[in-house]
There are 2 protein chains.
Amino acid sequence: MTSQPAAASRVDAIADDIRSRILRGEYPGETSFTETDVATRYDVARPTAKAAIEKLVSESVLERRTNKTARVIKLGPEDVRDIYFTRARLEKAVLLQLAQARSVPAGAIAAQRELEQLDGSSGFDTVDPDMRFHMALVDSIGSPRTSRMYGSLVSQVKLCMAQIQGLHLVQPERIIKEHQHLLELIEAGDGDAASNFLDEHLSRPRERLVAAVGGVPGPEAFRD
Amino acid sequence: MTSQPAAASRVDAIADDIRSRILRGEYPGETSFTETDVATRYDVARPTAKAAIEKLVSESVLERRTNKTARVIKLGPEDVRDIYFTRARLEKAVLLQLAQARSVPAGAIAAQRELEQLDGSSGFDTVDPDMRFHMALVDSIGSPRTSRMYGSLVSQVKLCMAQIQGLHLVQPERIIKEHQHLLELIEAGDGDAASNFLDEHLSRPRERLVAAVGGVPGPEAFRD
DNA sequence: CGTAAAATATTGTCTAGCAATTACTGGTAG
DNA sequence: CTACCAGTAATTGCTAGACAATATTTTACG
């Protein structure tokens with residue numbers, strides 16, 4: 001079940017590997033990646049390693065300023081809030097559109113099933129199906145650009161979570177329940193309610209993430 | 001008045017130059033860019049040219065599949081609609097937020113002045129100030145990620161327009177009037193009205209652009 | 001005229017290396 | 001013992017030339 005179409009070039013293969021390792025939490029924030037390091041580690045020439053690094057920089061997984069070593073991006077409280085607010089902007093528009101058509105995406109239901117299945121396991125395993133649920137909602141409207149943008153936000157959330165150890169943001173049961181509610185509101189055609197509820201749904205993990213990266217969380221982190 | 005901070009590296013300089021030429025309409029859609037061509041034209045080594053090309057590919061200004069020559073992206077009717085719908089999703093969220101705070105961005109007013117000044121000139125010159133108006137609205141909420149995404153959509157619109165010769169989408173007077181109305185709705189705090197009016201405001205140029213790139217325009221292209 | 005084979009172009013990657021910038025380390029002076 | 005400065009090492013940006021693999025174009029043959 002390889003969802004990715006196996007990297008064609010060596011550069012892509014290296015970039016894919018590094019990206020997945022970073023998203024897996026293998027490298028803490030601000031870990032530096034020198035070109036020669038990468039080159040020797042993957043046994044390729046330096047220009048190839050350089051290209052892979054630059055690809056990841058263009059994806060905002062690594063950052064680097066001119067003449068300086070590339071580092072894993074470390075997201076702070078400001079970043080977390082910006083990511084979540086931008087997420088919300090896109091996703092609320094999607095919810096309004098779905099509710100208007102009263103169309104409940106099959107992909108979202110599938111992701112919901114997944115979440116229910118792994119009920120009881122660690123909080124970290126819920127992140128992926130959770131994200132798949134939201135991504136499925138966005139994908140269902142068939143806008144490549146909206147999907148692409150939302151996807152980049154999702155991977156930034158993952159990047160952020162990967163850099164935090166024992167995070168338990170929200171109980172899986174709650175996530176499942178809230179997702180269910182969202183789907184029901186879509187089915188009922190109540191876009192405004194769905195849109196408002198999304199804000200609530202995102203606010204708790206948002207502020208808990210803010211706290212986890214060293215910021216001062218808002219009241220939403222503790223509510224209810 | 002160099003808005004850009006003069007490219008640091010040779011690669012950036014070349015990418016900037018090519019990008020601006022493409023956006024200026026110097027290269028029609030699907031013009032191919034070979035690495036050696038670029039290398040000789042800018043008198044640099046091939047890997048440098050390659051890097052510049054790949055940068056533009058990552059920005060979706062050029063496209064290329066593995067082992068094939070890079071080409072200027074040509075946007076079709078589907079693309080135009082997707083760009084405009086995605087624009088609308090982001091910008092409507094921004095309008096709601098601005099209306100709630102009843103804050104009329106200074107940057108938008110400035111862009112509006114610019115539009116009024118060049119009243120009477122060719123339709124093409126209105127594109128830039130028009131875009132600046134919308135970009136100013138988005139920038140004013142201070143979300144780097146939202147601005148970045150919106151900016152990429154704006155440059156895709158420009159790319160699209162650059163590939164069309166005698167386009168006269170909408171009269172400047174109308175644009176000015178509609179922008180003014182948007183600002184008034186924001187000031188009045190009526191986010192929903194602003195959001196709805198934006199749809200109207202974008203629908204005409206959207207469908208006319210669709211027609212210009214060879215698609216079948218919807219009725220909005222001709223309405224009143 | 002159409003198709004297959006050969007020639008050409010183009011890309012992906014490598015090796016090797018140089019200059020410029022940045023980071024580091026150690027030593028000296030206060 | 002600390003602070004600052006110089007020299008060294010590490011790192012990046014770019015170049016040149018080369019080779020194999022893949023695309024494209026041309027040529028030659030049926």
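Naming convention: chains lettered A, B, ... in sequence-line order (proteins, then strands); numbering from 1 in each chain.
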Problem set entry | Positional range of nucleotides in DNA chain D within the contact set of chain B, heavy-atom, under 4.0 Å | D:dC14 to D:dT24
Seminar exercise, completed: In whole angstroms, the gap separating C1' of C:dG12 from NZ of B:Lys68 amounts to 16 Å
Exercise. Is the shortest side-chain N to carboxylate O distance from B:Arg208 to B:Glu220 below 4.0 Å?
Worked result: no
Seminar exercise, completed: By nearest-nucleotide position on DNA chain C, the 5'-leaning member of B:Arg65 and A:Thr66 is B:Arg65
Exercise. Just one of A:Gln97, A:Arg89, A:Met149 clears the side-chain contact (heavy atoms from CB on, under 4.5 Å) bar with B:Arg89, so which one?
Worked result: A:Gln97
Problem set entry | A:Tyr42 OH - C:dT13 C1' separation (whole Å) | 18 Å
Exercise. For C:dG12, does OP1 or OP2 lie under 4.0 Å from any side-chain N or O of B:Lys50?
Worked result: yes
Problem set entry | Parallel, tilted or perpendicular, as decided by the 30° and 60° cut-offs, for the rings of B:His134 and B:His179 | perpendicular
For this session: Would you indicate whether A:Gln100, at its atom CD, is surrounded by more than 12 heavy atoms from other residues, nucleotides or ligands within a distance under 6.0 Å?
Result: no
For this session: Would you mind reading off the distance between A:Asn67 atom CG and C:dT22 atom C1', rounded to a whole angstrom?
Result: 7 Å
Exercise. Taking NZ, NE, NH1 and NH2 as the nitrogens, is one of them in A:Asp79 or B:Arg145 under 4.0 Å from a carboxylate oxygen of the other?
Worked result: yes
Exercise. C:dT10 base to B:Arg64 side chain: any donor-acceptor pair below 3.5 Å?
Worked result: no
For this session: Specify the closest pair of heavy atoms between B:Ala39 and B:Ala49, including all atoms of both residues, with the distance to one decimal.
Result: N-CB, 3.6 Å
Seminar exercise, completed: Atom CZ of B:Arg71 and atom P of C:dA9 are separated, to the nearest Å, by 20 Å
Exercise. If you find the nucleotide of DNA chain C closest to B:Phe33 and the one closest to A:Val44, which residue's nucleotide is nearer the 5' end?
Worked result: B:Phe33
Problem set entry | Sugar-phosphate, base or nothing in reach of A:Arg46, heavy atoms under 4.0 Å | base
